[in-house]
Amino acid sequence: MKKLFVQTYGCQMNLADSEEMAAHLFARGYTLTDNLDQADLALINTCTVRDHAEHRALSFLGRLRQWKRENPQRKIIFAGCAAQRLGEKLKKTFPFLDLVSGARDIDHFAQLLDDSGLFTAQPGAPVTAQTITGYVTIMRGCDFKCTYCIVPSVRGPIHCLPSADIVQRAAQKAAKGCPEIMLLGQTVNAWHEKGKTFADLLNEVSAQPGVQRVRFVSPHPAFITPAFLAAVENNPKIARHIHLPAQSGSTKVLQEMKRGYTREILLEKIAALKARGFAISTDLIVGFPTETENDFQQTLSLVEEAGFSAAYCFKYSPRQGTPAAQMTLLPEKTLEQRLDVLLNKVKGLAEAAYTQQIGSPVEVLMESANKGRTSDNFWVQTTRSYPVGTRVVSEVTAAEGTLLFTRD
Ligand code: 5AD
Ligand code: SF4
């Protein structure tokens, strides 16, 4: 059988898209390998959210020139957001590239493979490796217009998948041994359908036989609504962890970013989530073009006030065609200094959150014989061994770095 090597950059959505594309390639006679030297086909699924991410994907592609030279029968597919942004012109710079498939082409990927004439269908090929988490994409695209962000122009406006399809896919994944379902979308909680909200969807998905836990990524603070909070309160299967991108702690910068909330509103929503047992991680950007030293200080103080369990920090990266790219950049040195200070501030957050769990009761969903995760997303090592997918209720006796230990 021919071998497929997959290299994925970017978010969880890209991981799910890679899984979907790989499934179509399995149906065309490929099996996975994690060794590029043994592969006949390389699939690169790319991200363009920051220049750095795009650059990494392109330099990987550049390295494949030699890989293909060694065996001209080898094939390369360049897919995802950078592929969408750069399009067919990529083939001019990288003439050895066989197929370009933009992020918006994901629904037609099978057709694209067939139209290329490079692949032939071979029914009965294997499925992807099993994990306890089943990814289900529920919406694509974004209707927000954050001034720094390239996603709306690359992925397009929002398109919500029908709830009937989503629920069916979740049920299928659960039946195949995924007790945890992860709902995915660029602004996942913007999902809606006539007469149905995201909260309704969470309840419906979690009611499917075999579904023990439902996670979702990435939500926008605008849709942390009373209906959502009410659904959470009545439904313990909704995981008590949320990755809620704050981006900045300054109301002025948030307005210039067009995020649609103030620092105060964000802190209120965070307090409401924490009151319901949520651990909250976040994304923060430093060095947005209008960010003053005072604005930056407010991001630092937000980290303290919000009590995040983790924060991913990024230097502002101008993206072609976005409103913020027209603005004058701050000096690179300022960006670097601010990133440094912020990284120092968030460094101990995860460890501190882990330490705080000592003495608490936990419910662990096992992902391997001795390791699993709690609903609020802490990694736990159990004393005894359990079958994958078991729920273990115990008490935390110790924490070491980002690992908890239980009495069990
Ligand atoms: N520059 C820096 N960071 C960005 N992000 C999105 N666009 C940019 C940009 N132009 C960050 C945001 C987002 C995460 C996925 O990437 O924090 O939440
Ligand atoms: Fe980008 Fe804002 Fe949409 Fe998130 S909500 S994808 S940051 S435009």
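As the structure lists them, so they are numbered: ligands from 1, and atoms in each ligand from 1. Start at 1 with the first residue, then count along the sequence.
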Minimum-distance protein heavy atom relative to atom 16 (O) of ligand 1: R50 NH1, 2.6 Å
May I ask you to check whether H192 and F198 place their ring centers less than 6.0 Å from one another? no
Below 2.8 Å of atom 2 (Fe) of ligand 2, tally up the protein N/O/S atoms for me. 1
I'd like to know if E70 pairs up with R63 as an ion pair, taking the criterion as any Lys NZ or Arg NE/NH1/NH2 lying under 4.0 Å from an Asp or Glu carboxylate oxygen. no
Is the closest side-chain heavy-atom distance between E20 and F109 below 4.5 Å? no
Centroid-to-centroid, Y354 to F378, below 6.0 Å? yes
Shortest protein heavy-atom distance from atom 7 (N) of ligand 1, along with the residue and atom involved: Y148 CD1, 3.3 Å
Within-4.5 Å side-chain heavy-atom neighbours: T147 and T322: no
Which bit of F314 is near ligand 1, meaning a heavy atom under 4.0 Å away: side chain, backbone, both or neither? side chain
Pick one of side chain, backbone, both or neither for how I285 approaches ligand 1, counting any non-hydrogen atom pair under 4.0 Å. side chain
If we number the atoms of ligand 1 from 1 as shown, the ones under 4.0 Å from a heavy atom of S317 are 1 (N), 2 (C), 9 (C), 10 (N)
For K315, I'd like to know if atom NZ has over 12 heavy atoms of other residues, nucleotides or ligands within 6.0 Å. yes
Can you find a side-chain donor-acceptor pair between T406 and D408 that sits under 3.5 Å? yes
Among T322, V151, D51, D283, whose heavy atom sits nearest atom 13 (C) of ligand 1? D283
What's the shortest distance from atom 7 (S) of ligand 2 to any protein heavy atom, and which residue and atom give it? Y148 OH, 3.2 Å
Using a strict 4.0 Å cut-off to heavy atoms of V49, name the atoms of ligand 1 that fall inside it. 6 (C), 7 (N), 8 (C), 9 (C), 10 (N)
If a pair satisfies salt bridge (charged side-chain N to carboxylate O under 4.0 Å, His left out) and one of its residues is in residues 29-52, list it, with sequence neighbours excluded. D51-R319
So, do L284 and L342 sit near enough that their side-chain heavy atoms are less than 4.5 Å apart? yes
Quick look: K315 vs ligand 1, heavy-atom contacts under 4.0 Å, and the answer is backbone
Should you measure from each heavy atom of Q247, which atoms of ligand 1 turn up under 4.0 Å away? 12 (C), 13 (C), 17 (O), 18 (O)
Just by distance, do the side chain of E180 and the backbone of R213 share a donor-acceptor pair under 3.5 Å? no
Taking every heavy atom of L202 against every heavy atom of L183, the minimum-distance pair comes out as CD2-CD1, 3.9 Å
Within-cut-off N or O pair, Y316 and ligand 1, under 3.5 Å: no
Quick check against the 3.5 Å criterion: does E291 have a side-chain atom that pairs as donor or acceptor with the backbone of G287? yes
Heavy-atom contacts with R319 under 4.0 Å: which atoms of ligand 1 show up? List them by number with element. 10 (N)
